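The structure appears right after this line, and notes come after that.
For reference, positions follow the sequence shown, starting with 1. A quick note: this is a predicted structure, and the numbers were derived from the prediction, not measured. All values below come from the heavy atoms of this structure, side chains included, with hydrogens, waters and symmetry mates left out.
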Amino acid sequence: MEIKEEILDDNCFYKDGLNFSCRKGCNKCCSSESGFVFLSSSDIDEIAKAVNLTRDEAIAVYTREYVSSSNERMLVLKEYSNADCVFLTKEGCSIYDHRPLQCITYPFWDRILRSKEDWDNEAKECPGINCKDGHISKKDIDFIRSLFELPHCTLLK
């Protein structure tokens, strides 16, 4: 097993790390494009803390139910009609220190890290990708990716 993992590491396009630095005022990943921010139980607790509401109040005000194609029901953040995140303000994320895991780990998602081509395609939308002023090591990227091995969305019954 160790040999196979080493081979995979040698073929990994980001074995030397990647350049990324969030650009102040950009907010593209939070606006203008419809998408879903899937919420874990911990995410909901953090949001409630950030907005000084109970957990149930935060769920009622800031989330909605999403039903997947396999009929799994889960909570996602609400969006405005223009697709902006409900927490996006002119100054940026109003709950930045308490933002959901999905937001924290962007752009180190599996679909973006499948290949150099996918990474570079994402860079067309995200001005922070390939910025020279922020280098993230492979070790740190792998750690960020491992966070998604934890339950990262709350399934509803």
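Note: Arg55 CZ to Ile44 CD1 = 4.5 Å, rounded to the nearest 0.5 Å. Summarising the geometry, atom OG belonging to Ser115 is positioned 7.5 Å from atom CG belonging to Asn121; distances are rounded to the nearest 0.5 Å. Between the CG atom in Asn130 and the CZ atom in Phe20 there is a gap of 10.5 Å [rounded to 0.5 Å]. A distance of 8.5 Å separates CG of Leu18 from CD1 of Ile136, quoted to the nearest 0.5 Å. Asp142 CG to Ser137 OG: the interatomic distance, rounded to the nearest 0.5 Å, is 8.5 Å. In this structure, Ile47 CD1 and Glu57 CD are separated by 14.0 Å, a value rounded to the nearest 0.5 Å.
For the 3.5 Å distance criterion, the side chains of Ser42 and Asp45 fail to qualify, holding no donor opposite an acceptor. Checked by atom type, the side-chain pair Tyr106/Glu122 shows a donor-acceptor distance below 3.5 Å.
Of all heavy-atom pairs spanning Ile95 and Ala50, the tightest one is CG2-CB, 3.6 Å. Shown here for Cys12 and Lys138, the closest heavy-atom pair between the two residues is SG-CE, 3.9 Å. Looking at every heavy atom in both residues, Pro100 comes nearest to Leu77 through CG-CD1, 4.2 Å. Across every non-hydrogen atom of Ser21 and Asp133, the tightest pair is CB-OD1, 3.5 Å. Here the shortest heavy-atom pairing between Arg99 and Cys93 reads CB-SG, 4.4 Å. Pro127 and Arg23 get closest at one heavy-atom pair: C-CG, 3.9 Å.
For the pair Asp110 and Arg145, the salt-bridge criterion is met [side-chain N within less than 4.0 Å of a carboxylate O].
Ring orientation note: the planes of Phe13 and Trp119 are tilted relative to one another, at an angle of 30° to 60°.
Side-chain heavy atoms closer than 4.5 Å link hydrophobic residues (I, L, V, M, F, W, Y) into clusters, and following such links, even through other members, never connects Tyr96 to Tyr80. Criterion: ILVMFWY side-chain heavy atoms under 4.5 Å apart, direct or through other members. Under it, Phe143 and Leu101 are part of a common hydrophobic cluster. Under a hydrophobic clustering in which Ile, Leu, Val, Met, Phe, Trp and Tyr are joined whenever their side-chain heavy atoms come within less than 4.5 Å, directly or via other members, Ile104 and Leu39 fall into different clusters. Note on Phe36: it does not cluster hydrophobically with Leu88, by side-chain heavy-atom contacts below 4.5 Å among ILVMFWY residues.
Using modelled atom types, one side-chain atom of His135 and one backbone atom of Asp16 make a donor-acceptor pair closer than 3.5 Å. Under a 3.5 Å cut-off, the side chain of Lys132 and the backbone N or O of Asn19 do not form any donor-acceptor pair.
With a 6.0 Å radius and a threshold of 12 heavy atoms from other residues, nucleotides or ligands, Asn52 has its CG atom at or below the threshold.
Partner Arg64 forms a side-chain contact (heavy atoms from CB on, under 4.5 Å) with one of Val76, Ile59, Leu75 and no other, that one being Val76.
Residues Met74 and Tyr66 have side chains in contact (heavy-atom distance under 4.5 Å, counting atoms from C-beta outward).
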